[in-house]
Amino acid sequence: MVKPTNDKIVDPQPVEIETKVGNGGELHQLAGNGVETLTTQQGIPVADDQNSLKTGPRGATLLEDFHFREKIFHFDHERIPERVVHARGYGVHGTFTLTESLEEFTTARILSEVGERTPMFTRFSTVVGNKGSADLARDVRGFACKFYTKQGNWDLVGNNIPVFFIQDAIKFPDLVHAAKPAPDREFPQAQTAHDNFWDFISLTPEAMHMIMWTMSDRAIPRSYRFMEGFGVHTFRLINAKGKSTFVKFHFKPRLGLQSVVWNEAVKINGADPDFHRRDLWDAIDMGTPPVWDFGVQLFDDKFAEAFEFDVLDPTKIIPEEQVPVRIIGEFVLDNLVDNFFAETEQVAFCTQNVVPGIGFSNDPLLQGRNFSYLDTQLKRLGSPNFTHIPINQPRGCPVHNFQQDGHMAMRNPKGRANYEPNSWGGPREDPEAGYRHFAEPEMGEKVRLRSESFADHYSQARQFFISQTPIEQKHIGDALVFELSKCVRVDIREKIVGHLRNIDDTLATTVATGLALPKLPPAAKPAVKPRDDLAPSDALSIVKRAPGSFAGRKLGILVSDGASAALVNALAKAIEALPATYEVITPRIGGVTLDDGTLFEGKQKLDGGPSVLYDAVALVLSADGAARLARDGAARDFVADAFGHLKFIGFTEEAAPLLAKAGIGEADRDEAFVSLAKAADAKAFVAACGALRHWPRELAVDLDADAQQAK
Ligand code: HDE
C-alpha cells in the first residue's frame with residue numbers, strides 16, 4: 001500500500017527524563033541524560049523555569065528575579081517592524097548555475113563563468129497585505145533574489161509581473177497608501193477592491209497597463225512554483241571595455257505557469273491561508289524542488305532609440321517576439337530555512353546591491369528604489385550593521401573596510417588603523433577589480449518633469465489584453481467588475497471604464513454592463529493617441545503556454561470505507577510517476593478500511609481538506625460510502641467546488657449519488673469527468689488532468705459568462 005507522500009515523521013530520540021512535581025503541581029523536564037541545561041542569555045544555569053520568584057507561594061513577584069525579567073524583556077522586544085510593503089513573504093535558499101556565458105557583455109563572474117554555481121536566497125511575497133494576511137490575495141507577487149556571488153552580493157528584487165503601476169518613485173507612497181487599509185477604519189486588508197485604490201488608479205492613467213496584469217490570472221497564482229519572475233526595469237551589463245548593453249531579466253518556471261480561479265482563491269484563503277508557503281515547503285521537503293530558467297533580453301542603444309516606447313519607462317515591456325529571451329542559466333530553490341525570523345524576516349534586499357559588470361539605467365523608479373531599500377533596512381533591522389546578520393553577509397568573498405561600530409557590530413576591525421589611506425596596512429581600493437559605474441554622459445537642467453516618451457499609457461495595456469485567450473479576457477473583465485463593485489462611489493467606477501475605453505471597447509462595455517452603468521462613460525482624454533497596431537504576444541498569455549502536464553500538481557483523492565484498494569494504489573502510482581503528489585481525504589482522520597481489508601490513513605479529514613486545495617480530484621467511493629457522504633455538507637461542497645472551479649474529476653460509478661446531491665447530473669458530466677471503473681483507468685485520468693482545467697465548463701456554469709454571451 002502506498003502511503004500519502006508528505007507524512008514523514010522523524011522518531012524522537014528516546015530520552016529518559018526525570019520528572020518532579022513543581023509547586024503548581026505540573027510535571028516538567030529536568031536536564032540530564034543528554035538534555036541540555038537551560039540557561040539565561042548570560043549562560044547562567046536555570047533551576048526553575050515554571051515559577052517566578054515570590055515572597056512566599058502567594059506573595060508578590062520580586063524584582064530580583066533576573067531570569068524572569070530577562071525572559072519577559074526579550075519577549076517584549078521580539079517583533080521588528082514588518083516591511084511597509086511585501087510584509088507577507090516566504091524565503092528559501094537555492095543555487096544559480098550559469099549555462100551560457102555573457103562574457104562579451106559583462107565582467108560579472110556570475111554571468112560569464114559557465115558552470116559557476118552561486119548560492120542564492122529568494123523571498124516570495126504579496127505586496128499589500130500585512131505579515132499575517134492570507135496568501136491568495138489578488139496582488140502582485142514579489143520575487144526577490146539575493147545572489148551571493150564571488151564579487152559580492154547581487155540583489156535582483158523583482159516581481160511576477162514585468163511592469164509597475166507608476167513611472168516615478170515619488171508616487172510610491174501614494175500608491176501604497178491608496179492600496180493599503182484606509183487610515184480611519186484600517187480595512188480592507190490585503191485587497192485592492194476598495195474606493196481608495198481605484199480612486200488613485202482612476203487619477204493615474206499610467207497604471208492602466210499594470211492594471212491589466214493585476215486583474216488577470218497572474219495576480220492569483222496557484223503557487224510560487226508556477227510563477228514567472230521579472231527584474232522589471234532596464235538594467236545595464238558592462239563589459240571589460242566599459243561598453244554597456246541594456247538588459248531585462250526574466251525567470252521562467254520549468255513547471256509552467258498556473259493560476260487559480262477567483263472563487264477558489266477566496267475559499268483557499270479560508271481553508272489554508274498559508275497555501276503558498278505550505279506548497280513551497282512541501283515541494284522542497286519532498287525532494288521535488290522548483291527550478292527556473294534564467295533569461296535575459298539584451299539590446300543596445302540603437303534598439304532602445306528605435307523601440308516604440310521608452311526603455312526607461314517601467315510601465316512598458318519589450319515583447320519577447322521583438323527581443324527574444326535568451327536562457328543563460330537556471331536556478332533551483334531546494335533548501336528550506338532553519339529559522340524563519342533569522343532568514344526570511346531579516347533578509348534585507350537592496351536594489352542598489354549590484355556587482356561589477358551590472359549597472360543601472362536611468363529608470364526613475366529604479367533610481368528611487370536605490371535610495372528606499374537601504375533606508376528601509378535601517379528602520380526595520382535597527383542598525384547600519386544589518387549586513388552582519390548571516391543571511392545578509394556576502395558568502396562568496398571577503399569583506400574588508402573601515403566602517404565601524406554602531407548597534408550590534410559583529411564584524412569588528414582589528415589593529416590600529418581605521419582610516420584610509422594609512423601607513424599601517426589594511427585594505428586598499430582596486431581600480432581594476434573594483435566596481436566602476438557606467439560612464440553615462442549626463443547634461444541638462446534640473447527639472448521636475450516626466451519625459452514625453454512616457455506619455456502613452458494605453459497601447460501596451462491593449463496589447464496585453466488582445467494577447468489573452470477569450471477565457472483569460474473574461475477573467476480580466478470579471479475581476480474588474482468584482483473590484484469596482486466594491487467601490488461605493490459610482491464616479492470612480494465610471495472613470496475606470498473611461499480608461500478602459502482607450503484600451504478595448506469590448507472590455508469597457510463588459511465592465512460597464514457588469515456594473516449596470518446606465519450608459520457607457522466617455523473615454524478618458526489620453527495624453528497621446530493610443531495605438532491599435534501592436535501585435536499580440538503569445539508570451540503574455542498563461543493558457544496559450546499551458547504545460548500540458550500534471551507534474552508538480554496535487555491530486556485530492558476522496559476515499560470512503562469499502563473503496564477499491566487497487567484503484568487507490570493505481571492512482572497513487574500514476575501520480576508519483578510524473579512526479580506529482582496526492583493527498584487522501586477521508587471522512588475521519590483515522591482513515592478508512594478499503595475493500596481488501598487494509599486500513600488506509602487519511603492525510604486530511606474531509607472538512608479540513610476541501611477540494612480547493614487540489615488541482616484535480618478523484619472520488620473513490622463505495623456505494624455505501626457515497627450514500628453516506630451524499631448527506632454531508634462538506635462532501636457536497638468538495639464535489640460542487642471542484643466542478644465550479646473547472647477541475648478534472650475522476651469518479652467511481654458508485655459516487656453518482658454524491659455527484660447528484662452536489663447538483664451534478666449525468667448531463668453535466670463533460671469531458672473533464674473521467675470514469676474510474678477499474679485500476680487501469682487511473683493512468684488515463686492522470687494524463688487527462690494534464691490539461692489542468694476544463695475551461696469550456698466555465699461558460700456553462702458562470703452567470704457572468706451569460707452576461708457576456710448575451711452581448
Ligand atoms: Fe519595492 N520596496 N519599491 N518594488 N519591493 C520594498 O523594501 C519601493 C518596486 C519589491 O522580499 C521595501 O525591504 C519603492 C518595484 C519586492 O524583502 C521598500 C518603489 C518592484 C520587495 C520598497 C518600489 C518592487 C520590495 C519594503 C518605487 C518590482 C520585497 C521592505 C520606486 C521590480 C523584498 C523592503 C523582500 C520591498 C520600496 C517599487 C519589488 C519600502 C520606493 C517596481 C519584491 O524599500
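Order of listing sets the numbers, starting from 1, for every ligand and every atom in it. Just so you know, these numbers come straight off a predicted model, no measurement behind them.
- In terms of polar-atom proximity, defined here as any N/O pair under 3.5 Å, Thr376 makes no such contact with ligand 1.
- Contacts between Leu365 and ligand 1 below 4.0 angstrom, taking non-hydrogen atoms only, involve backbone and side chain alike.
- Here is the list of ligand 1 atoms found below 4.0 Å of a heavy atom in Gly142: 43 (C).
- The closest side-chain donor-acceptor pair between Ser259 and Asp217, if any, does not fall under 3.5 angstrom.
- Scanning the protein heavy atoms around atom 30 (C) of ligand 1, the nearest turns out to be Arg83 CG, 3.5 Å.
- Proximity annotation for atom 10 (C) of ligand 1: of His86, Lys146, Gln367, His86 comes nearest, heavy atoms only.
- Which parts of ligand 1 touch Phe349 is read off a 4.0 Å heavy-atom cut-off, strictly below it: atoms 11 (O), 17 (O), 33 (C), 35 (C).
- Between Thr192 and Glu483, the side chains place a donor N or O and an acceptor N or O closer than 3.5 Å (distance only, hydrogens not considered).
- In this structure, Asp135 does not pair ionically with Arg141, as no charged nitrogen and carboxylate oxygen lie closer than 4.0 Å.
- Looking at Phe164 against ligand 1, only its side chain comes within 4.0 Å, counting heavy atoms.
- For atom 24 (C) of ligand 1, the closest non-hydrogen atom on the protein side is Arg369 NH2, 3.0 Å.
- Contact atoms of ligand 1 toward Val84: 40 (C) (distance under 4.0 Å to a heavy atom of the residue).
- Between the side chains of Gln322 and Glu308, at least one donor N or O lies within less than 3.5 Å of an accepting N or O.
- Partners of Tyr148 under the ring-ring contact (aromatic ring centres under 6.0 Å, His included) rule, at least two apart in sequence or in another chain, do not exist in this structure.
- Against a heavy-atom cut-off of under 4.0 Å, Arg123 is close to the following atoms of ligand 1: 11 (O), 17 (O), 35 (C).
- Defined by atom type and a distance below 3.5 Å, a donor-acceptor pair is present between the side-chain atoms of Glu343 and His93.
- Under 4.0 angstrom from ligand 1, the non-hydrogen atoms of Gln377 all belong to its side chain.
- Using bins of under 30°, 30° to 60° and over 60° for the plane-to-plane angle, the ring pair Phe249/Phe235 lands in the tilted bin.
- Taking atom 44 (O) of ligand 1 as the reference point, the nearest protein heavy-atom neighbour is Ser372 OG, 3.0 Å.
- Under 4.0 Å is where a charged nitrogen must lie from a carboxylate oxygen, and between Arg531 and Asp456 no such pair does.
- Under a cutoff of 6.0 Å and an axis angle of 45°, Lys248 and Phe230 do not form a cation-pi pair.
- Every atom of ligand 1 is numbered from 1 in the order shown, and the set under 4.0 Å from a heavy atom of Ala169 is 31 (C).
- At a 3.5 angstrom cut-off on N or O pairs, Asn159 does not count as close to ligand 1.
- Residues His233 and Arg369 bring a donor and an acceptor atom of their side chains to less than 3.5 Å of each other.
- For atom 1 (Fe) of ligand 1, the set of nearby N, O or S atoms under 2.8 Å includes one belonging to Tyr373.
- The closest approach between a heavy atom of Gly158 and any atom of ligand 1 is below 4.0 Å.
- Ligand 1 has no N or O atom lying under 3.5 Å from any N or O atom of Arg380, backbone or side chain.
- If you check which protein heavy atom lies closest to atom 41 (C) of ligand 1, you get Phe172 CD2, 3.3 Å.
- A donor-acceptor pair under 3.5 Å is absent between the side-chain atoms of Asp313 and the main chain of Ser453, judged by distance alone.
- Atom OG1 in Thr107 sits 6.0 Å away from atom CD in Gln151 (nearest 0.5 Å).
- Contact annotation: for Val85 versus ligand 1, heavy atoms closer than 4.0 Å belong to both the backbone and the side chain.
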